[in-house]
Each structure stands twice: as structure tokens, then as C-alpha cells.
Amino acid sequence: MAKTKEEKITRVIAKNDDGSIQITFSVPKGIVAKAEEKALSEIGKDIQVPGFRKGKAPISKVKENIRQEELIEKILTNTVLPALREAFEEERIKPIVYPKFELVSIKEGEDWQVRVLTCELPDVDLANYKEKIIKDLKPNQIWTPDKKGEESTKESREEKEQKVIESLIKNIDIKIPNLLIEEEVNSRLSQLLERIEKLGLSLEKYLESIGKTAQSLREEYEKQTKEAIALELILNKIAQQENIKVEEKEVDEILKISGENLNNKDDLQRRELVKNIISRRKALEFLTSLI
């Protein structure tokens, strides 16, 4: 039997031009109540409530003896999570980060409002990027498909690559989702804190030693992260546009150097990661050849 309007979870989707997506779900109180009953029943099977045998306590007693956060998580898992998967499929959304959940309103006896934040890969418009690189790095030379510029004997490959990278970042406007930047910055800061703790230092002492505040360090990480993500996306797009190929033997060679088992063909994700790194390296070499 089809669900009535009151029994159906509804959603409102808002997409920004930087690739970020906000989905607000409205979960009717009837669905919340059924999900809560199911969650308490599942939790009650595994906990010991004083005065009752394990798994035999009534639902009301189970609710009194568990953390509210645990119950909310169970309800969200049984309601919003399936609705989110449905939204991704129907709207053809391909998230690149794990969704972030925000509880807008979860009052007992009322409809729940839950906001989900995620993002997709932003579009990269290369436009006439080759001409821009030549204009930046060879201002007196006009780029043509059969003229890649004269080789400079005064600069190392690393110096040329750095100039190309700076030109790409400056000339190709790409809007990076704030959620993606925030996730990467938080990861970097967590790794830094772990290293500091292993050295027996406090964050305050470390910041004092490098002459930075927590805010200035975060801002520095945000700038570095934004540029790193932008460069990765740009080089991926260039590799695709220029039809740059990576052979499986090239991937094998890198894995061999790193000491990994080449016979482990099941680790497709690792192989794809290495292939993308090689592809970006080839794209950068291609760009360097233009100057």
C-alpha cells in the first residue's frame, strides 16, 4: 500500500556552484516513533538492565538506561540513511566526502528535521590554459600546437614545474567545496597533534616555537589545502583532455618499488590511486614541455 504524505520522509535539496550540496530531510513523527521502538528493541537484546535478565527488559526501561546519542544514531540509521541513499540515486549525486549530519530539530513527539551536508567534484574549465601558461612564462612567444617553446638551459626541471603550477593556480579558477577543504584541514591538524604529542610537547608550546597562533596555522593549512586540491583536479582534467594514458606495467613498477605484492589484484583502489598519481605526473611533464 502506498505511503500517505504524513508517512513519507521528504527532502529539500540545495546545490551550490562550488559542488557543495545540502539536503534537508523531514521525518514524520510517526516514522520516528516506529524507528525508536525498533532501535530500543535491537539495543535491548544486548544490554543488561538492573532487575532484569539480559535482553528481557521492557522498552521503557531500556530507554532509561542507554545514552540518548546512541538512540538518536540508531533512529537516523533506520530512517535518514536509507532516505539519503535514495536521494543520491534519484538525483544522481556522487559524493566525494562522507556526509555530515546536522540535527536541526529532533524534539520528542514532533517531526524531525535533519540536514545532511556533502559535496561533489567541482567542474574544471581549462579554457585556453596552454596559451595562458605561455603568456605567463614565455611572454614574447605565442603558443601554437606545433610550437611548444624553446628549451631553457637556465632552469631545472623542478623550477619549471613550480612555475607551471603557479601559473595553473593563478589562471584556472576553480571553486573548491568548503566541506572538502575543512575535512582535509582537520585531518592534517589531527596528524600534527599526534606528532606533537609523541614529541612530548603541548600545542601551545609548539605554536609558540613556530611563531603562529592556532587561527593563523589553520588559515595557512586552508590555503595550502585549497591549492593542493585545485592542482590535483586541474591536472586530472588536463590528463583527460590530452588523452594521457598510463600502462598497467607503469603501475606495477611503482608498486614493486614500494614493496607491495603485485599479485594482489584485489587491491584495485590502491592501483587506481597509483595510476592517478602517475597520470598527474605525466600531465605536469607535458605542461613543462610547453616552456
Side-chain angles (χ1 to χ4, degrees), residues 19 85 88-89 92-100 118-126 129-130 133 148 151 155-169 172 174-177 179-199 220-291:
R85 287 195 291 264
F88 285 165
E89 182 178 346
R92 298 182 180 180
I93 295 172
K94 297 180 179 179
I96 56 173
V97 297
Y98 191 80
K100 180 180 178 181
T118 188
C119 61
E120 295 182 297
L121 281 175
D123 186 41
V124 181
D125 183 9
L126 295 177
Y129 77 98
K130 295 176 186 175
I133 290 176
K148 297 182 179 179
E151 291 293 329
E155 293 180 318
S156 67
R157 185 189 70 181
E158 290 76 14
E159 289 172 327
K160 284 186 176 183
E161 288 180 353
Q162 186 57 40
K163 286 186 176 182
V164 168
I165 289 172
E166 292 172 358
S167 179
L168 290 173
I169 296 297
I172 299 178
I174 176 171
K175 295 181 179 179
I176 311 297
L179 189 62
L180 183 58
I181 297 173
E182 180 183 334
E183 184 176 87
E184 181 61 27
V185 169
N186 289 340
S187 176
R188 291 185 61 182
L189 288 173
S190 295
Q191 293 172 14
L192 174 63
L193 286 174
E194 288 180 7
R195 293 197 298 270
I196 292 173
E197 289 176 355
K198 287 180 180 179
L199 293 173
E220 180 181 310
Y221 275 13
E222 286 177 351
K223 182 177 184 297
Q224 293 173 356
T225 298
K226 185 176 181 179
E227 291 183 353
I229 294 174
L231 179 62
E232 183 176 315
L233 294 174
I234 291 168
L235 291 177
N236 283 343
K237 186 72 172 185
I238 290 173
Q240 178 185 358
Q241 181 167 302
E242 301 299 333
N243 199 28
I244 292 174
K245 302 294 185 183
V246 177
E247 302 293 337
E248 289 299 326
K249 62 181 180 181
E250 295 178 88
V251 178
D252 289 341
E253 186 62 29
I254 297 297
L255 293 175
K256 183 178 179 181
I257 293 173
S258 62
E260 298 193 33
N261 182 8
L262 298 183
N263 294 322
N264 185 16
K265 299 298 184 181
D266 294 332
D267 194 359
L268 298 178
Q269 187 174 3
R270 173 63 176 166
R271 294 186 66 86
E272 191 64 25
L273 175 63
V274 172
K275 182 178 290 187
N276 287 336
I277 292 173
I278 297 173
S279 177
R280 289 194 292 272
R281 163 50 55 184
K282 287 187 172 185
L284 187 55
E285 290 173 352
F286 163 75
L287 295 174
T288 305
S289 72
L290 300 178
I291 60 170

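All values derive from a computational prediction rather than experimental measurement.
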A.B. asks: Side chains of N276 and E232: closer than 4.5 Å at any heavy-atom pair?
C.D. replies: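 Heavy-atom side-chain distance check fails, nothing below 4.5 Å.
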A.B. asks: In plain terms, say whether K163 and E159 are close enough for a salt bridge, that is, a side-chain N and a carboxylate O under 4.0 Å apart.
C.D. replies: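 No, this pair does not count.
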A.B. asks: Taking the side chain as every heavy atom from C-beta outward, state whether K226 and E222 have any pair of such atoms under 4.5 Å apart.
C.D. replies: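 In short, these two side chains do not touch, never coming nearer than 4.5 Å.
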A.B. asks: Nearest 0.5 Å, what's the CG-CD distance between L189 and E194?
C.D. replies: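 These two atoms lie 11.5 Å from each other.
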A.B. asks: Working to the nearest 0.5 Å, report the span between OG1 of T225 and CG of N186.
C.D. replies: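 So the OG1 of T225 and the CG of N186 are separated by 9.5 Å.
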A.B. asks: May I have the step-by-step check of salt bridge (charged side-chain N to carboxylate O under 4.0 Å, His left out) for D252 and R271, ending in yes or no?
C.D. replies: CA-CA 8 Å; D252 289 341; R271 294 186 66 86; 2.9 Å; yes
A.B. asks: Counting C-beta onward and ignoring hydrogens, is there a side-chain heavy-atom pair between L233 and I176 closer than 4.5 Å?
C.D. replies: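 Answer yes - side chains close enough.
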A.B. asks: In sequence, state the C-alpha distance, the side-chain angles, and the governing distance for E227 and K223, and then conclude on salt bridge (charged side-chain N to carboxylate O under 4.0 Å, His left out).
C.D. replies: CA-CA 6 Å; E227 291 183 353; K223 182 177 184 297; 2.9 Å; yes
A.B. asks: Are R280 and L231 close enough, and set up right, to give a side chain to side chain contact (heavy atoms under 4.5 Å, CB included), and what steps lead you there?
C.D. replies: CA-CA 9 Å; R280 289 194 292 272; L231 179 62; over 6 Å; no
A.B. asks: With a sphere of 6.0 Å drawn around CD of E158, does it hold more than 12 non-hydrogen atoms of other residues, nucleotides or ligands?
C.D. replies: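 Yes, CD of E158 has more than 12 neighbouring heavy atoms, counting only those of other groups under 6.0 Å.
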A.B. asks: Side chains of L284 and I165: does their closest heavy-atom pair fall under 4.5 Å?
C.D. replies: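 Yes, close enough: below the 4.5 Å cut-off.
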A.B. asks: Okay, side chain of S187, backbone of E183: is any donor-acceptor separation there less than 3.5 Å?
C.D. replies: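 Absent.
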A.B. asks: Of all the heavy-atom pairs spanning L168 and I238, show the shortest one and how long it is.
C.D. replies: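 Shortest heavy-atom contact: CD2-CD1, 4.1 Å.
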A.B. asks: Do V97 and T118 have side chains that approach each other closer than 4.5 Å (heavy atoms only, starting at C-beta)?
C.D. replies: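 They are in side-chain contact.
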A.B. asks: In the structure I gave you, are the side-chain heavy atoms of K249 and E253 within less than 4.5 Å of one another anywhere?
C.D. replies: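 Side-chain contact under 4.5 Å: no.
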A.B. asks: Could you walk me through whether R281 and E161 pass the side chain to side chain contact (heavy atoms under 4.5 Å, CB included) check?
C.D. replies: CA-CA 10 Å; R281 163 50 55 184; E161 288 180 353; 2.5 Å; yes
A.B. asks: What's the shortest heavy-atom distance between A239 and S279, and which atoms?
C.D. replies: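 Nearest heavy atoms, A239 then S279: CB-OG, 3.1 Å.
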A.B. asks: Quick one: CG on L273 to CD1 on I254, what's the gap to the nearest 0.5 Å?
C.D. replies: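 If we round to the nearest 0.5 Å, L273:CG and I254:CD1 are 11.5 Å apart.
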A.B. asks: Just verifying a value: how many Å separate C119 SG and L180 CG, rounded to the nearest 0.5 Å?
C.D. replies: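 So the gap between those two atoms works out to 5.0 Å.
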A.B. asks: Under 4.5 Å between any side-chain heavy atoms of Y129 and I234, yes or no?
C.D. replies: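 Side chain of Y129 against side chain of I234, heavy atoms only: no contact under 4.5 Å found.
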A.B. asks: Compare every heavy atom of D125 with every heavy atom of I172, then report the nearest pair and how far apart it is.
C.D. replies: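 Heavy atoms of I172 and D125 come nearest at CG2-O, 3.8 Å.
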A.B. asks: I need the minimum non-hydrogen distance between K94 and E120, along with the two atoms involved.
C.D. replies: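 Here K94 and E120 meet closest at N-OE2, 2.8 Å.
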A.B. asks: Dump the intermediate steps for side chain to side chain contact (heavy atoms under 4.5 Å, CB included) on E220 and Q224, then the final yes or no.
C.D. replies: CA-CA 6 Å; E220 180 181 310; Q224 293 173 356; 3.4 Å; yes
A.B. asks: Looking at K282, K245, K275, which one forms a side-chain hydrogen bond (donor to acceptor under 3.5 Å, both in side chains) with E250?
C.D. replies: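 Of all the options given, the one that passes is K282.
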A.B. asks: Can you name the side-chain contact (heavy atoms from CB on, under 4.5 Å) partners of Q240, sequence neighbours left out?
C.D. replies: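 Result, side-chain contact (heavy atoms from CB on, under 4.5 Å) vs Q240: K237.
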